[in-house]
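The structure appears below as structure tokens.
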Amino acid sequence: EVQLVESGGGLVQAGGSLRLSCATSGFPFDDYAIGWFRQAPGKGREGVSAIRRSVGDTSYADSVKGRFSISSDSAKKTAYLQMNSLKPEDTAVYYCAASYLTSGYYRGEFPEGWYEYWGQGTQVTVSS
């Protein structure tokens with residue numbers, strides 16, 4: 001059974017940090033890109049970052065470049081999203097997802113259709 005389980009969300013003040021984790025099971029981790037997406041209240045889901053560690057690919061949305069850092073641990077089959085200098089506009093439900101044999105990112109976009117498996121999400125709230 002394929003599972004992606006996010007954790008690490010919570011309430012933090014602006015300027016603070018959180019680290020999200022995405023624990024996976026049920027698929028060959030190194031063959032997949034892991035992407036992070038978020039959905040703010042009343043808005044559509046947007047791609048934030050993606051990693052395919054086995055080929056050294058990482059990518060970031062412009063809105064988080066320089067503040068967020070993605071990483072992964074193949075042995076633990078877990079991906080992480082370190083979020084620093086958080087802003088109120090980062091408030092959203094954050095999802096991780098897995099994309100088979102892609103970088104998870106193409107020409108400035110994180111094509112959701114590339115991602116076969118999704119987690120249930122974790123809430124991140126940044127207070128001003």
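FYI, the numbering just counts along the sequence from 1.
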Side-chain contact test, heavy atoms from C-beta onward, threshold under 4.5 Å: evaluate it for [X] versus [Y] and give yes or no.
X: Lys76; Y: Ser21; result: no
X: Lys77; Y: Ser25; result: no
X: Arg38; Y: Leu20; result: no
X: Trp36; Y: Glu6; result: yes

Do Asp90 and Lys87 meet the salt-bridge criterion of a basic N to acidic O distance under 4.0 Å?
->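 Here Lys87 does not pair with Asp90 in a salt bridge, since their nearest N and O are not under 4.0 Å apart.
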So which heavy atom on [X] is nearest to which on [Y], and how close?
X: Gly8; Y: Leu18; result: O-CD2, 3.8 Å
X: Ser49; Y: Ser59; result: OG-O, 2.8 Å
X: Ala98; Y: Phe27; result: CB-CZ, 3.8 Å
X: Pro111; Y: Gly104; result: CD-O, 3.9 Å
X: Ser128; Y: Pro88; result: CB-CG, 3.8 Å
X: Val2; Y: Gly26; result: CG2-O, 3.6 Å

Using 0.5 Å steps for rounding, measure from the [atom1] atom of [X] to the [atom2] atom of [Y].
X: Leu81; Y: Ser71; atom1: CG; atom2: OG; result: 8.5 Å
X: Phe68; Y: Ser85; atom1: CZ; atom2: OG; result: 9.0 Å
X: Gln39; Y: Glu46; atom1: CD; atom2: CD; result: 9.5 Å
X: Tyr117; Y: Leu4; atom1: OH; atom2: CG; result: 9.5 Å
X: Glu112; Y: Ser99; atom1: CD; atom2: OG; result: 11.5 Å
X: Phe29; Y: Thr78; atom1: CZ; atom2: OG1; result: 6.5 Å

In one Ile/Leu/Val/Met/Phe/Trp/Tyr side-chain cluster, 4.5 Å: [X], [Y]:
X: Tyr80; Y: Ile34; value: no
X: Met83; Y: Val126; value: yes
X: Ile70; Y: Tyr32; value: yes
X: Val48; Y: Leu86; value: yes

Who else is in the cluster with Trp118 when I, L, V, M, F, W and Y are joined by side-chain contacts under 4.5 Å?
->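 In the cluster with Trp118 are Phe37, Val93, Tyr95, Tyr105, Tyr106, Phe110, Trp114, Tyr115.
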Counting only heavy atoms not in Glu116, do more than 12 sit closer than 6.0 Å to its CD atom?
->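 It does: Glu116 CD has more than 12 such atoms within range.
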For atom CD of Gln123, decide whether the heavy atoms of other residues, nucleotides or ligands shown that lie under 6.0 angstrom number more than 12.
->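 Yes, enclosed.
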Residues in side chain to side chain contact (heavy atoms under 4.5 Å, CB included) contact with Val5, at least two apart in sequence or another chain =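 For Val5 there are no side chain to side chain contact (heavy atoms under 4.5 Å, CB included) partners, ignoring immediate neighbours.
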